[in-house]
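Here's the structure, in structure tokens; my notes come after.
Note that the structure is predicted; figures quoted are calculated from it, not measured. Every heavy atom of this structure was used, including side-chain atoms; hydrogens, water molecules and symmetry mates were not. Just so you know, ligand 1 is whichever comes first in the structure, and atom 1 is the first atom listed for that ligand.
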Amino acid sequence: MKETISVGLLGLGTVGSGVIEILEDHKESIQHKTGCNVNIKTVLVNNLSKPRNLQNNETKLTDQYTDITQDPEIDVVVEVMGGIDHTLKILMEAIENGKHIVTANKDLVAQYGAELLEATQRNKCDLFYEASVAGGIPILRAILDGLSSDRIRKMMGIVNGTTNYILTKMSKEGVDFDTVLKEAQDLGFAEADPTADVDGLDAARKMTILSILGFSMPINLEDVQIKGIRGLSLSDINYAKQLGYSVKLIGVADHSENGASISVEPTLLPLDHPLSSVNDEYNAVYVYGDAVGETMFYGPGAGKFPTATAVVSDLIAVIKSLRLGTSGMAYVQPQFPKKMKTKNDTITKKYLRLHVHDQPGMLMELTKIFAQYDISFDQIIQRKADAEDERELMMITHQVSEADFERAYEELGKLSSIRSVDSVFRVEGSE
Ligand code: NDP
Ligand code: HSE
């Protein structure tokens, strides 16, 4: 076993610079835990002329990835540069050259995790990606190790810091969506192009990774139903509060005998649900296992040091498995074939906000449609709308299948008394 492990670092931005600082600050304890020194031999960047603060003068800066992938002295490649296709090509080349991989790249892992896993196992290399889901929260290890004795039935996550920050500010300070999105970008939580945050894709990628590991099934990003928070209004947040709920962007992954269902969408949660008190850019993942019952993991989902902590922990895991001679054996292939629930088997409560024509019998017409599909209501609020002849209705149903709800919703559109259906959200945590 070597005394010094050589690392090639791909990327020296927010996370990459955090990795270098943590490796330097925690040098002795890492040496104690692994029995090795870690040397960042080469760092790949885009722009060589940017000023950098490298701790070790011997670290080489390059803009040629082959300086890392083809260097026989480099044992581990730590990828913190982002990107999908080009990055996959670099990592595949590194793996074929026998290098172990640590990555924080959820976009890549959600899309090409299976290919990366196959290549690393074939080459007896390790692949770790703890930082890709919920930054500093060690949720993947909790699922794969801490809860490995259990059967996970459900996971619900606030796994995107940007949208949680936006919803918290809208709810607590009444700030409108666009103003608070700009704030999240300035604070560095949001992606450079915040579309993936706001439209739910970033959270969907993280839920894909969680579901593959939690349910041991080859889930794809395409299996996730995705709806982001764009267009969510302050009115919905305020009405939800009146009904006793918060509004959060929640990833729900559910697994039963009928299969799995995975979604990311704005969701109403009871105000006393533990996920309701997860605010600002914080993340949390609620995990329900048959034997353990309810558990929840909470912490910073993004940022330089929380993310770099997860990356360096993965690096320590690689070194430990090198010492034990178990490289490439850490994550096994999914155990079960993929089976997704149909819409008939996907059962949730729903929140609706509608504008209706204020006429006698209107409510009866409406509830009659729902009754046809066996949908009853848990709560209904009616208030005056801006127009004199209109009323605004906020309703929460009891449990209903997606299939029945879709049919009822289609028929609602045909009712002349309905002026507009303004919002439809999922409701969780109160059944
Ligand atoms: P940054 O944009 O801050 O840094 C990216 C780094 O990679 C820069 O040093 C950049 O070079 C380099 N880079 C980018 N593309 C290339 C390329 N094609 N060739 C060579 N170098 C390149 O990103 P972050 O540090 O924020 O994120 C890194 C990864 O970690 C991403 O996958 C992200 O999704 C993930 N992540 C980030 C979190 C966070 O809080 N920031 C949280 C969890 C995961 P240069 O410096 O020259 O521009
Ligand atoms: N943009 C991401 C977020 C960064 O807001 O959660 C961490 O993955």
Side-chain angles (χ1 to χ4, degrees), residues 8-21 42-54 61-69 77-91 101-112 129-137 139-140 157-168 180-181 183-185 187-207 209-210 228-229 249 251 264 278 280-285 299-311 314:
L9 185 65
L10 307 179
L12 188 54
T14 307
V15 183
S17 56
V19 167
I20 290 198
E21 279 183 57
T42 312
V43 179
L44 178 76
V45 292
N46 225 348
N47 180 356
L48 279 177
S49 52
K50 259 193 208 172
R52 312 279 174 178
N53 184 17
L54 281 173
L61 214 55
T62 181
D63 59 0
Q64 299 299 312
Y65 69 83
T66 48
D67 287 348
I68 291 176
T69 54
V77 171
V78 172
E79 187 273 302
V80 284
M81 68 181 217
I84 301 184
D85 293 317
H86 179 58
T87 312
L88 177 70
K89 183 176 162 224
I90 298 176
L91 292 191
I101 306 294
V102 171
T103 177
N105 189 334
K106 61 248 165 175
D107 309 19
L108 179 67
V109 176
Q111 201 163 328
Y112 292 113
Y129 44 88
E130 181 62 72
S132 66
V133 180
I137 310 174
I139 184 63
L140 302 188
I158 294 178
V159 287
N160 181 269
T162 302
T163 44
N164 204 43
Y165 182 83
I166 293 173
L167 293 176
T168 304
V180 74
L181 170 60
E183 240 181 79
Q185 282 176 292
L187 286 165
F189 315 133
E191 305 292 315
D193 171 3
T195 313
D197 293 305
V198 169
D199 292 336
L201 183 59
D202 179 77
R205 286 170 169 150
K206 292 165 179 167
M207 292 309 296
I209 299 170
L210 279 177
I229 64 165
L249 184 71
V264 168
V278 177
D280 301 317
E281 72 277 21
Y282 277 83
N283 280 196
V285 183
K304 178 176 175 174
F305 289 118
T307 312
T309 304
V311 172
D314 278 353

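- A distance-only check finds no donor-acceptor pair linking the side chain of Glu281 to the backbone of Pro300 [under 3.5 Å].
- Every heavy atom of Glu79 sits 4.0 Å or more from the atoms of ligand 1.
- Heavy-atom contacts of Gly82 reach the following atoms of ligand 1: 31 (C), 32 (O) (cutoff under 4.0 Å).
- A side-chain contact (heavy atoms from CB on, under 4.5 Å) with Val264 is found for exactly one of Arg205, Lys206, Met207, namely Met207.
- In Asp197, the part holding a heavy atom less than 4.0 Å from any atom of ligand 2 is the side chain.
- Nearest heavy-atom pair across Val311 and Ala131 is CG2-CB, 3.8 Å.
- Taking all atoms of both residues into account, the shortest heavy-atom contact from Ile158 to Tyr282 is CG2-O, 3.8 Å.
- Distance alone, capped at 3.5 Å, is enough to place a donor-acceptor pair between the Glu79 side chain and the Gly82 backbone.
- Checked by atom type and distance alone, the side chain of Asp199 never pairs as donor or acceptor with a backbone atom of Leu201 at under 3.5 Å.
- Atom 33 (C) of ligand 1 has its closest protein heavy atom at Lys106 NZ, 4.3 Å.
- Rounding to the nearest 0.5 Å places CZ of Arg52 at 8.0 Å from CG of Leu54.
- Ligand 1 is never approached by Gly135 to a heavy-atom distance shorter than 4.0 Å.
- For atom 4 (O) of ligand 1, the closest non-hydrogen atom on the protein side is Gly13 CA, 3.3 Å.
- Looking at Gly303, Ala104, Ala134, it is Gly303 that brings a heavy atom closest to atom 39 (C) of ligand 1.
- Geometrically, ligand 1 and Ala302 share no nitrogen or oxygen pair separated by less than 3.5 Å.
- Atom numbering of ligand 2 starts at 1 in the shown order; those under 4.0 Å from a heavy atom of Thr162 are 1 (N), 3 (C), 5 (O).
- Taking every heavy atom of Asn47 and a limit of under 4.0 angstrom, the matching atoms of ligand 1 come to 47 (O).
- The proximity of Lys304 to ligand 1, defined as any non-hydrogen pair under 4.0 Å, does not occur for either the backbone or the side chain.
- For ligand 2, the atoms lying closer than 4.0 Å to a non-hydrogen atom of Gly301 are 7 (C).
- Atoms of ligand 1 found under 4.0 Å from any heavy atom of Ala131 (numbered from 1 in listed order, with element): 43 (C), 44 (C).
- Using a non-hydrogen distance threshold of 4.0 Å, Gly135 does not register as a contact of ligand 2.
- Note that CG of Leu210 and OG of Ser132 are 8.5 Å apart. Values are rounded to the nearest 0.5 Å.
- Regarding atom 5 (C) of ligand 1, its nearest protein heavy-atom neighbour is Met81 O, 3.9 Å.
- Ion pairing of Asp85 with Lys89 is absent here, as no side-chain N (NZ or NE/NH1/NH2) approaches a carboxylate O to less than 4.0 Å.
- Protein heavy atom in closest approach to atom 8 (O) of ligand 2: Lys106 NZ, 2.6 Å.
- For ligand 1, the atoms lying closer than 4.0 Å to a non-hydrogen atom of Leu44 are 20 (C).
- With hydrogens left out, the protein atom closest to atom 2 (C) of ligand 2 is Glu191 OE2, 3.3 Å, a heavy atom.
- Screening Val43, Leu9, Leu12 for a side-chain contact (heavy atoms from CB on, under 4.5 Å) with Ser17, the sole residue that qualifies is Leu12.
- Regarding atom 11 (O) of ligand 1, its nearest protein heavy-atom neighbour is Asn46 N, 3.2 Å.
- In terms of polar-atom proximity, Leu12 is counted as a contact of ligand 1, with an N or O under 3.5 Å from an N or O of the ligand.
- Of all the atoms in ligand 2, the ones that sit under 4.0 Å from a non-hydrogen atom of Ala302 are 4 (C), 7 (C).
- Contact annotation: for Val15 versus ligand 1, heavy atoms closer than 4.0 Å belong to both the backbone and the side chain.
- Distance check, rounded to the nearest 0.5 Å: CD1 of Ile84 to CD of Gln111 gives 4.5 Å.
- Among the atoms of Asp107, none of the N or O lies under 3.5 angstrom from an N or O of ligand 1.
- The shortest separation from a heavy atom of Glu281 to ligand 2 is not under 4.0 Å, leaving the residue out of contact.
- The ligand atoms of ligand 2 that sit less than 4.0 angstrom from a heavy atom of Gly161 are 3 (C), 5 (O), 6 (O).
- Protein heavy atom nearest atom 28 (C) of ligand 1, with residue, atom name and distance: Val80 O, 3.2 Å.
- Looking at Leu91 and Leu10, their side chains come closer than 4.5 Å, going by heavy atoms from C-beta outward.
- Residue-level proximity to ligand 1 for Arg52 is carried by the side chain, the only part with a heavy atom below 4.0 angstrom.
- Distance from atom 43 (C) of ligand 1 to its nearest protein heavy atom, with residue and atom name: Thr307 CG2, 3.4 Å.
- By the criterion of a heavy-atom distance under 4.0 Å, neither the backbone nor the side chain of Pro306 is placed next to ligand 1.
- Side-chain contact between Leu187 and Tyr165 is present, with at least one heavy-atom pair separated by less than 4.5 Å.
- From Ile101, atom CD1 reaches atom CG of Leu108 across 10.0 Å, with rounding to the nearest 0.5 Å.
- For the side-chain contact (heavy atoms from CB on, under 4.5 Å) with Val77, the lone residue among Ile68, Thr69, Val102 that qualifies is Ile68.
- Within a 4.0 Å radius of atom 23 (O) of ligand 1, the protein has no heavy atom.
- His86 CD2, 3.8 Å is the protein heavy atom nearest to atom 18 (N) of ligand 1.
- Here the heavy atom of the protein found nearest to atom 48 (O) of ligand 1 is Lys50 NZ, 2.8 Å.
- Of all heavy-atom pairs spanning Ala184 and Thr162, the tightest one is CB-CG2, 3.9 Å.
- The closest donor-acceptor contact from the side chain of Asn164 to the backbone of Val278 lies under 3.5 Å.
- Annotation for Tyr129 and Ile209: closest pair CE1-CG2, 3.7 Å, computed over non-hydrogen atoms.
- Distance remark: protein heavy atom present below 4.0 angstrom from atom 41 (N) of ligand 1.
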